[in-house]
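In what follows, a single structure is set out as structure tokens and then discussed.
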Amino acid sequence: MSAITLRNVVKRYGAVQVVHGVDLTIDEGEFVVLLGPSGCGKTTTLRMVAGLEDVSEGELSIGGRVVNNLAPKDRGVAMVFQNYALYPHMTVRQNMEFALRPMKLEKSVVDKRIADTAEILGLSPLMERRPAQLSGGQRQRVAMGRAMVRTPKVFLFDEPLSNLDAKLRTQVRWEIGKLHQRLGTTVLYVTHDQVEAMTLADKIVIMRDGYVEQVGTPEEVFAHPKTTFVATFIGSPAMNMIDGRIESGRMVAEGISFAIPARYHVSEGQAVTLGIRPSEIKIAASDDAGALDARVEVTEYLGNEALLDLRIGRHEMVAEVPAADRVEPGRTIRVRFNEAALHLFDAQTGKTLAL
Amino acid sequence: MDKPSTRQAILVYTLLAIILIVFMMPIYLIVSSSVKPSPIMFQKPPAFIFPVTWEHYVDLFTMRPFAKFIMNSLIVALGSTAFSVFMGSLGAYAISRIRHKRINDVAFWILSMRMFPPIAVVVPYYIIFKTVGLLDTPLALIIVYSTANIPLTVWLMKGFFDEVPTALEEAASVDGYGLVETFWRITLPLAAPGLAVSAVFCFIFSWNEFLFALMLTGSEAQTATVAVMSFWSSDAVQWGRIMAGSFIILIPGVIFVLTCQRWLVRGLTMGSVK
Ligand SMILES: Nc1ncnc2c1ncn2[C@@H]1O[C@H](COP(=O)(O)OP(=O)(O)OP(=O)(O)O)[C@@H](O)[C@H]1O
Ligand SMILES: [Mg+2]
């Protein structure tokens, strides 16, 4: 029993409200990622689950039990802190032992768990060192190890990979995923890195300014963003946005009209925002009547693909094209949007117009 | 910084030597006078070479129960130090961790007790201890010294506790430890240098204190500092015994400071948080 439920959870610091009524259900064994820009309340939410911050309003339960007033030590969660929080007067081994001691396990079990965890995280040669004698990345792995040895029911991670180099980050990310599959632990994982979110999550929770913008699988948040914020936050390079208006049942922007995919509900004259992913902007033939004029400002070569920074009317847009099709900067080309892949949002509210 | 030149080095060492001589001179006088035969004690110019005698030390322990007075001093000083460091740490921890806009006023109020002129309260203390029957007991001195030592410890330890990141305590609480255990196993060990500093200050103050010890003790609980002064009477000042007693009084303080010194290390919390 380790499902986590947040019901209208609010956090206030004095008069300042930083988390506004979060509703969220994390099923047992689920890997949920809290994703959002800096300062949006991810850490605060995680700390409320851990019991390190009081819940100002609402209800928080773990395993069916309301834990609003339960001390952290009684919640059965393990946490990896954003700033490590290693015990500086203990060696790496002692740090792990310390985390295990309240569980009152047999010495042989403790030793085996520590050895296994050290092996997984590549900490074996560092076991007798103190935190001050470790690099940033090594400390981060110790922080992970200290949480992992406990094999808790609920795992809380606060940006555990932020200080690792690219190679180690991929490796540890993979280890976290594997660990989750093996142990079936419920995980709440905070990050502002969307690659981590997309690769690890069963479910992504996208937060902004203390509000939950959207909850969904990685596919859902990528393919069906509910707001312009989610649309531009997920996906790299970010989705292009153009202002437009509904005229005669078609969406008109920059003097070009597009057919509206059937999944959208619009009304005549409505101001809308049109979103198009860079990969859905195609280079068109010069005589294509439904295409737009685009001036190529910058070309970025990425290997398989190239990014074209385009100026279309008064909009800056990015197109992702096969590297072979890339164009010299300064030229004007014709581009066509893949109409089936258009996203439509209400220009006022930023909410999707999908049915 | 550049490597100091030879001239700088000479300057620095000369200065250090002068300071050392100034500070060590009284100690030299104590030591030499304590083993000097009485007749040549005040010879001018002072004799630097003289027959060493132990008679002052022998007198000290045979004419008076000086060993007992030393014991009293130890009981009082160690007792007050232990009690003050314990209570002071708890108070300091509370002040360090409680988030309240008036908490600094509380801290200052506690420290202000230390600023009280001791002599103003000697008589009230005398009356109180006489009433409750604690006159001439080590406990009376332990209580009095603790009222001065606890505020000092609170102030010293608050600074050290402030340096221990709260994230460590949070980590321990998530790991399954309660408040007391977290304090005992994480916070206090990381504030160990503060404990050492506080203990040194408390011990030295209690060990050297004279006024309260003189007023509140008689023959039973008399401390070494008071005992030494009893060799000073209106008709004769027994300098040899005073010096011998003074030298013995110096020793425990030095031992205590040296013992505590190994805890005075910096950077204990290095590497704990980003
Ligand atoms: N103790 C506090 N008192 C007042 N405001 C706070 C406190 N802690 C956090 N906040 C505010 O709450 C908001 C959310 O902070 P939080 O640490 O949860 O952000 P985050 O999403 O984890 O950001 P990051 O990605 O930078 O770690 C921020 O605006 C922050 O300034
Ligand atoms: Mg954070």
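Order of the sequence lines fixes the chain letters, A, B, ..., with proteins taken first and strands second; residue numbering starts at 1 for each chain.
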Under-4.0 Å salt bridge between Arg173(A) and Glu196(A): no

Short question: side chain of Gln171(A), backbone of Leu168(A) - any donor-acceptor pair under 3.5 Å? no

Which atoms form the tightest heavy-atom contact between Ala147(A) and Phe155(A), and what is the distance? CB-CE2, 3.5 Å

Check whether Leu190(B) gets within reach of chain A through its side chain, its backbone, both or neither, counting any heavy atom under 4.5 Å. side chain

Please identify, among Glu169(B), Glu181(B), Arg185(B), the residue contributing the most non-hydrogen atom pairs under 4.5 Å to chain A. Arg185(B)

Shortest non-hydrogen separation from Val174(B) to Ala50(A) and the atoms involved: CG2-CB, 4.4 Å

Cut-off 4.5 Å, heavy atoms of chain B, and the answer for Met90(A) is side chain

For the residue pair Tyr84(A) / Gln140(A), report whether a side-chain donor-acceptor contact shorter than 3.5 Å exists. no

Do the charged groups of Asp175(B) and Lys73(A) touch, with an N to O distance under 4.0 Å? no

Among Pro131(A), Pro102(A), Ala143(A), who wins on heavy-atom pairs under 4.5 Å with chain B? Pro102(A)

So for Tyr87(A), is it side chain, backbone, both, or neither that comes closer than 4.5 Å to the heavy atoms of chain B? both

Using 4.0 Å as the upper bound for N to carboxylate O, is an ion pair formed by Asp105(B) and Arg102(B)? yes

Check whether Ala192(B) gets within reach of chain A through its side chain, its backbone, both or neither, counting any heavy atom under 4.5 Å. neither

Measure Arg150(A) against the heavy atoms of chain B and call it side chain, backbone, both or neither at under 4.5 Å. side chain

Name the member of Pro88(A), Ala99(A), Pro152(A), Ala71(A) that forms the most heavy-atom pairs with chain B at distances under 4.5 Å. Pro88(A)

Do you know which of Arg146(A), Met103(A), Gln133(A) has the most heavy-atom pairs under 4.5 Å to chain B? Arg146(A)

Go through the atoms of Arg130(A) and report whether side chain, backbone, both or neither lie under 4.5 Å from a heavy atom of chain B. neither

